[in-house]
Amino acid sequence: MSGQNRNGGAEGERIKKRKALATDAAKCCKISDMFVSKGPDPLIEAEPMEVYNQTSAVLSCKLTDPPSTVKGHYWMRNGKVIESSKHNLPTLYTEHTLAKIDSHSGGLYECVFLSEPEVKTTIEVKTAPLVSAYKRSEHGNEKDKGVLVCVSYGYPLPTDWKWYKLEGEDKTAITNGTDRYEIKSTPNRTTLTIDNLDIAMDIGDYICDGTSEFGSTSNKVHLRVRSRLAALWPFLGIVAEVIILVSIIFIYEKTRKPDEINDDDDSGSAPLKSNANTDHKNKDVRQRNSN
Amino acid sequence: MSPAPASILRDTPPDGGWGWAVVFGAFISIGFSYAFPKALTVFFKDIQLIFGASYSQIAWISSIMLAAMYAGGPISSILVNRYGSRPVVIAGGVMCGIGMVTASFGNTITHLYICVGVVGGFGLSFNLQPSVTIIGKYFQVKRPLANGLAMAGSPVFLCTLAPINQFLFNQFGWRGSFFILGALLLNCCVAGSLMRPICPKPTGGQLTQTNGTPKRPTTDRSEAQVNGHNTQLEKGCLENFNKFLDLSLFKHRGFLIYIVGNAVMFFGFFAPVVFLAPYALSHGFDEYSSAFLLSIMGFVDMFARPLTGLMANTKWIRPRIQYFFSFAIIYNGLCHLLCPLASGYGGLAAYSVFFGIAFGMVCALLFETLMDLVGPQRFSSAVGLATIIECCPVLLGPPIGGALVDTFGDYKYLYLMCGAVMVFAGLFLFVMNIYNYRMLERERRQEEGQGDESEAEETKLSHA
């Protein structure tokens with residue numbers, strides 16, 4: 001409980017006193033200040049040390065023998081400060097409540113006391129990892145590569161990833177390196193790459209399974225394989241439309257060409273000769289003073 | 001003498017009728033040309049994953065496409081001068097289609113660079129130049145409006161191509177999408193077929209007499225238009241089409257002013273568009289809100305272009321259209337200079353609206369002013385030379401902007417630089433055009449003096 005062991009009667013008395021008052025935070029500090037010139041190592045009691053498979057928890061930290069006066073304290077999760085937990089009171093006890101523990105609230109929690117130097121300790125909050133498909137439904141082209149991705153959140157992250165192909169009710173395991181499959185996994189992301197996709201064989205549901213100390217969680221990804229010729233029909237449709245439009249425009253031009261050619265140049269301008277091109281289709285024929 | 005409608009000469013453009021069909025064709029061509037390289041970026045994420053390449057390697061596809069589109073300018077000018085607009089646009093459409101279809105079978109990045117970047121880019125340049133050229137041949141009085149309407153194709157196509165690309169990608173994957181996009185690009189051939197060739201007829205000795213007022217001979221000069229600029233008509237179609245690239249343009253004062261001013265302007269023109277979304281992201285807004293700013297800009301742009309064309313067509317602005325262009329550029333620059341002051345999403349949205357207006361104004365007037373300076377006959381060569389010279393600043397602008405952002409870690413300096421560049425370019429164009437207008441006025445008076453003399457001789461001869 002207390003720091004160094006010191007021999008001697010006077011020292012022994014002090015140690016006894018310290019033990020008696022150890023639970024009283026305020027008195028504990030004053031006594032430490034008075035008697036200890038080079039204080040004992042500060043100790044934080046964390047309660048609980050580890051949260052395992054609980055729906056909610058209250059994390060608490062109690063500091064004994066702080067190296068200096070404590071200006072405040074706060075909590076951190078996975079290295080990031082939790083803003084709402086900041087307090088500037090010189091208390092040596094702090095609490096953080098986790099009302100609901102899920103994969104988003106799990107992680108490494110640290111309670112930090114602002115003293116010179118700072119003291120902190122870690123509490124692990126462990127949950128079952130959340131495994132989700134990066135995209136619920138993936139597309140791939142025939143004979144091309146198909147990529148299926150699963151990601152996971154939480155603490156601790158899965159250590160082992162497996163992929164299965166769902167056929168009806170059974171699932172067949174997919175091994176890395178066999179057939180056309182390749183599996184690449186990191187703790188928070190796993191990728192299944194299928195080479196040379198086949199419409200008959202590869203369409204369907206795939207299951208990614210992440211195993212951690214909690215057991216395994218899995219999720220489903222659906223793979224659709226497009227036929228190579230899928231894009232051909234719209235292509236032919238548009239080409240046909242282009243050919244039709246171009247033909248219409250050229251035919252229109254040819255049929256009107258003998259009459260149009262003069263109209264085009266004269267639309268908007270005055271006709272030069274009064275007796276020329278009387279069959280103007282143009283409304284803009286302007287009469288001029290004939291000379 | 002102010003030309004009333006009845007006094008428009010025979011050999012000036014029709015200004016209507018089939019011209020509007022041509023505007024529609026140009027709308028489609030220009031839309032594909034400008035919007036397609038930008039809309040392709042939808043596929044980049046997936047292609048990046050499949051080919052295992054870095055983002056900058058993939059982004060090169062768009063850059064090569066844009067570079068080819070601008071660099072192909074002189075080539076398409078030569079072809080237009082030789083063959084007219086229609087065959088070139090149709091050829092361009094076929095090239096784009098073939099490029100995209102072959103790209104869909106590719107397995108390496110280099111394959112994409114060549115098929116999409118080079119072939120596709122050149123195909124698009126064969127669409128862009130002829131489209132703007134033919135508007136000048138079909139329109140005179142209503143030309144700014146026609147230009148504004150045709151240039152509106154760019155934002156409209158961008159807004160439609162982006163969701164179409166997304167849909168195609170979800171349905172067919174990137175290969176199927178490229179395949180189908182190849183077919184879509186063949187619609188440029190439809191646009192090209194609308195571009196019926198038109199030939200300014202030589203008037204050769206026929207005097208037009210309207211309202212009883214004798215006019216001066218028109219063999220090589222069209223009537224002064226509203227803006228007071230004389231355009232030189234070449235004698236006969238064949239002479240037009242047989243010319244290659246009119247390099248004498250480099251002695252043309254107006255043209256030189258134009259390319260110097262525009263080359264400077266383009267350094268700061270596209271970078272703000274490219275960095276609008278990242279700028280919003282850096283302010284802490286989410287991806288969708290940031291992308292929405294671009295949509296706001298595009299939507300406003302869509303309307304700004306035809307409206308600018310309409311404004312530029314009015315009798316107050318048309319004669320001073322170069323000043324209007326300078327004003328649009330300066331306004332653009334001011335928007336950028338004030339952008340760092342915008343705070344909150346509302347401020348950025350307001351900036352997007354004003355930027356959309358400014359962007360649309362400049363784009364609508366871009367080719368109109370060049371046409372105004374050099375005239376429709378030399379325009380096809382002029383636009384080719386202009387685009388290849390503008391190629392450099394267009395491509396270097398965004399990367400330089402990116403370097404600025406990286407060095408200073410703040411987007412503020414990017415906007416200040418772009419704003420300053422554009423204000424400077426606008427002022428340069430403004431001042432130089434004052435000088436140019438004066439010189440043109442002086443030349444016109446000199447010619448008028450000579451014209452009156454020969455007119456007097458002609459009337460003497462006709463009465464004899």
Student: Ignoring hydrogens, what is the shortest heavy-atom contact between B:Ile180 and A:Phe235? Give both atom names and the distance.
Tutor: CG1-N, 4.4 Å

Student: I need the B:Cys189 SG to A:Leu245 CG distance, nearest 0.5 Å.
Tutor: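 Atom-to-atom, B:Cys189:SG and A:Leu245:CG are 11.5 Å apart.
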
Student: Specify the closest pair of heavy atoms between B:Ala183 and A:Val239, including all atoms of both residues, with the distance to one decimal.
Tutor: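 The answer is CB-CG2, 4.1 Å.
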
Student: Taking atom OH of A:Tyr155 as the centre, report whether more than 12 heavy atoms of other residues, nucleotides or ligands fall under 6.0 Å from it.
Tutor: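 Atom OH in A:Tyr155 is crowded, with more than 12 foreign heavy atoms closer than 6.0 Å.
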
Student: Need one label for B:Phe178: side chain, backbone, both or neither, based on atoms under 4.5 Å from any heavy atom in chain A.
Tutor: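 Neither part.
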
Student: Under 4.5 Å, counting heavy-atom pairs only, tell me which of A:Glu241, A:Lys145, A:Arg224 racks up the most with chain B.
Tutor: A:Glu241

Student: Write down the atom of A:Ala231, the atom of B:Gly176, and the distance for their closest heavy-atom approach.
Tutor: CB-CA, 3.6 Å

Student: With a 4.5 Å limit on heavy-atom distance, are the side chains of A:Pro234 and B:Phe172 in contact?
Tutor: yes

Student: Run the numbers on A:Ile238 and B:Asn187 for side chain to side chain contact (heavy atoms under 4.5 Å, CB included), then give the verdict.
Tutor: CA-CA 8 Å; A:Ile238 299 177; B:Asn187 279 304; 4.2 Å; yes

Student: Is it true that, when you exclude A:Phe250 itself, more than 12 heavy atoms of the residues, nucleotides or ligands shown sit nearer than 6.0 Å to its CZ?
Tutor: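 Enclosed.
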
Student: Within a 6.0 Å radius of atom NZ on A:Lys184, are there more than 12 heavy atoms belonging to other residues, nucleotides or ligands?
Tutor: no

Student: Salt bridge or not between A:Glu253 and B:Arg86? Use side-chain N to carboxylate O under 4.0 Å.
Tutor: yes

Student: Answer yes or no: does atom OH of A:Tyr164 have more than 12 heavy-atom neighbours from other residues, nucleotides or ligands under 6.0 Å?
Tutor: yes

Student: I need the minimum non-hydrogen distance between A:Val242 and B:Leu186, along with the two atoms involved.
Tutor: CG1-O, 3.5 Å

Student: Heavy-atom count around A:Tyr153 OH within 6.0 Å, excluding the residue itself: above 12?
Tutor: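 Incorrect, the count does not exceed 12.
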
Student: Pick from A:Ile248, A:Ile249, A:Ile244, A:Ile243: which one makes a side chain to side chain contact (heavy atoms under 4.5 Å, CB included) with B:Val190?
Tutor: A:Ile249

Student: What part of B:Leu181 lies closer than 4.5 angstrom to a heavy atom of chain A: side chain, backbone, both or neither?
Tutor: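 When you check distances to chain A, no heavy atom of B:Leu181 falls under 4.5 Å.
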
Student: Less than 4.5 Å to any heavy atom of chain B: does that hold for the side chain of A:Leu232, its backbone, both, or neither?
Tutor: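 Both the backbone and the side chain of A:Leu232 come within 4.5 Å of chain B.
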
